[in-house]
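Here is the structure we will look at.
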Amino acid sequence: MSLYQNIADVEEKIDKYCNKAGVSRKDINLIAVSKTVGWERVKEAYDDGLRSFGENYVREFVEKSQKLPEDIEWNIIGQLQRNKVKYIMNNKIYLLHSLDKLSLADELQKQCLKHDKYIDVLVQLNLSGEETKSGISQDELDGFLEAIASLDRIKVKGIMTIGPTFGDEAEIRKDFASAKKIFDKLKNSMSDIQYLSMGMTGDFGWAILEGSNMIRVGTAIFGKRDYNKA
Ligand SMILES: *Cc1c(COP(=O)(O)O)cnc(C)c1O
């Protein structure tokens with residue numbers, strides 16, 4: 001399948017689920033997840049019209065953001081180690097989706113001060129309780145937000161979650177529905193809350209039905225990943 005055709009297929013599916021959910025296509029942000037994908041192919045996706053990309057690994061992100069056009073919105077969606085924060089500071093980041101630890105928040109604050117920058121973030125929630133997943137639990141969220149409220153370089157723009165890996169439709173949608181509830185509550189109490197990032201290749205239709213406004217799609221756009229290339 002060509003990249004162009006894959007993107008068209010993804011757009012068709014987004015449209016279908018937007019109709020079902022009664023939301024407008026323009027309310028859904030599509031992030032093309034380009035981890036392990038070479039920059040030439042990302043450029044091809046850019047030439048096909050995509051502007052928003054998601055990366056998991058710092059080295060890849062830095063390389064691609066230096067080689068590719070400046071109007072790309074780069075999202076960091078994977079777990080970010082504290083000692084790697086300094087390497088992302090020279091590149092423009094649209095949104096970090098995976099803030100999941102106070103120690104990471106402290107380092108972001110410190111490096112942002114040093115580089116005179118601000119960073120927009122989503123707090124990653126782990127609703128399924130799966131231990132292999134990062135993210136803070138629902139019970140920890142209020143305390144976490146309180147703890148980072150004093151870090152003035154970090155702007156919380158919403159939440160991100162990953163659906164349960166082995167769940168069926170009902171289980172996945174249940175977690176997405178919980179995330180939407182949390183998101184709505186935050187939106188009422190915090191002025192900058194804007195994004196609910198949930199839904200990947202296998203479940204973005206259900207995510208849209210449950211109120212996601214930002215989906216992160218890799219495989220359906222770029223095909224199966226080859227981790228040896230990463
Ligand atoms: C890799 C990744 C995706 C994309 O997954 P696909 O199933 O290929 O669409 C989305 N979100 C996160 C956090 C990822 O690590």
Side-chain angles (χ1 to χ4, degrees), residues 1 3 5-14 16-17 28-39 41-42 44-45 48 50-61 64 72-81 84 88 93-101 104 120-136 157-169 171-173 175-176 179-180 183 195-230:
M1 263 315 179
L3 202 43
Q5 187 57 49
N6 288 351
I7 295 168
D9 290 348
V10 167
E11 283 293 347
E12 193 182 316
K13 191 171 168 190
I14 295 173
K16 181 178 132 191
Y17 279 92
I28 307 291
N29 297 279
L30 169 64
I31 295 173
V33 175
S34 46
K35 61 169 175 254
T36 78
V37 177
W39 70 269
R41 213 161 141 69
V42 179
E44 208 182 314
D48 287 337
L50 298 185
R51 289 295 178 271
S52 187
F53 293 90
E55 288 287 337
N56 289 59
Y57 310 110
V58 167
R59 194 172 47 84
E60 273 193 72
F61 158 66
K64 288 176 212 175
I72 288 180
E73 289 177 351
W74 290 104
N75 295 261
I76 296 189
I77 63 171
Q79 209 177 2
L80 179 61
Q81 286 170 326
K84 299 264 171 75
I88 62 173
I93 295 163
Y94 183 69
L95 199 55
L96 167 70
H97 292 228
S98 47
L99 178 60
D100 62 344
K101 284 186 198 75
L104 175 59
D120 288 344
V121 305
L122 305 180
V123 174
Q124 182 171 354
L125 282 177
N126 179 350
L127 296 170
S128 61
E130 287 168 48
E131 284 182 13
T132 51
K133 284 209 180 88
S134 2
I136 64 172
K157 293 277 188 175
I159 56 179
M160 182 273 246
T161 197
I162 300 176
T165 312
F166 301 107
D168 59 18
E169 176 177 353
E171 286 163 320
I172 293 172
R173 290 185 64 168
D175 276 3
F176 286 166
K180 174 66 160 65
F183 172 72
Y195 298 122
L196 174 56
S197 168
M198 60 184 189
M200 320 192 340
T201 291
D203 55 20
F204 74 77
W206 300 329
I208 291 171
L209 292 181
E210 298 299 342
S212 169
N213 62 19
M214 187 169 253
I215 59 176
R216 311 176 307 268
V217 181
T219 310
I221 292 175
F222 293 107
K224 217 166 158 295
R225 279 183 287 276
D226 181 356
Y227 281 95
N228 294 323
K229 283 198 205 148

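Since this is a predicted model, take the numbers as computed values, not measurements. Counting starts at 1 for both ligands and their atoms, following the listed order. For the single chain, residues carry numbers from 1 onward in sequence order.
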Check whether the side chains of Glu55 and Ser34 place a donor and an acceptor atom closer than 3.5 Å, and report yes or no.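 Side chains of Glu55 and Ser34: pair found under 3.5 Å.
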
Can you see whether Phe204 has Lys13 sitting over its ring - NZ or CZ less than 6.0 Å from the centre and within 45° of the normal?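 The answer is yes; both the distance and angle limits are met.
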
Salt bridge (Lys or Arg N to Asp or Glu O under 4.0 Å) against Glu11, all qualifying residues, sequence neighbours excluded: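 Scan of Glu11 (salt bridge (Lys or Arg N to Asp or Glu O under 4.0 Å), adjacent residues dropped) gives Arg25.
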
Counterpart residues, salt bridge (Lys or Arg N to Asp or Glu O under 4.0 Å), relative to Lys84 (two or more places apart):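 In terms of salt bridge (Lys or Arg N to Asp or Glu O under 4.0 Å), with neighbours along the sequence ignored, Lys84 is linked to no residue.
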
Got a sec: does the CD of Gln5 have more than 12 other heavy atoms crowding it under 6.0 Å?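 Yes, CD of Gln5 has more than 12 neighbouring heavy atoms, counting only those of other groups under 6.0 Å.
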
Could you tell me, for ligand 1, which of its N or O atoms are under 3.5 Å from any protein N or O, listing the pairs and their distances rounded to 0.1 Å?
residue  : atom   : partner : partner atom : Å
ligand 1 : 8 (O)  : Thr219  : N            : 2.8
ligand 1 : 8 (O)  : Thr219  : OG1          : 2.5
ligand 1 : 8 (O)  : Arg225  : NH1          : 2.8
ligand 1 : 8 (O)  : Arg225  : NH2          : 3.2
ligand 1 : 9 (O)  : Thr201  : N            : 2.9
ligand 1 : 9 (O)  : Thr201  : OG1          : 2.5
ligand 1 : 9 (O)  : Gly218  : N            : 2.8
ligand 1 : 11 (N) : Arg216  : NE           : 2.9
ligand 1 : 15 (O) : Lys35   : NZ           : 2.7
ligand 1 : 15 (O) : Asn56   : ND2          : 2.8

Salt bridge (charged side-chain N to carboxylate O under 4.0 Å, His left out) contacts touching residues 202-224 (sequence neighbours left out):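 Qualifying pairs: Arg173-Glu210.
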
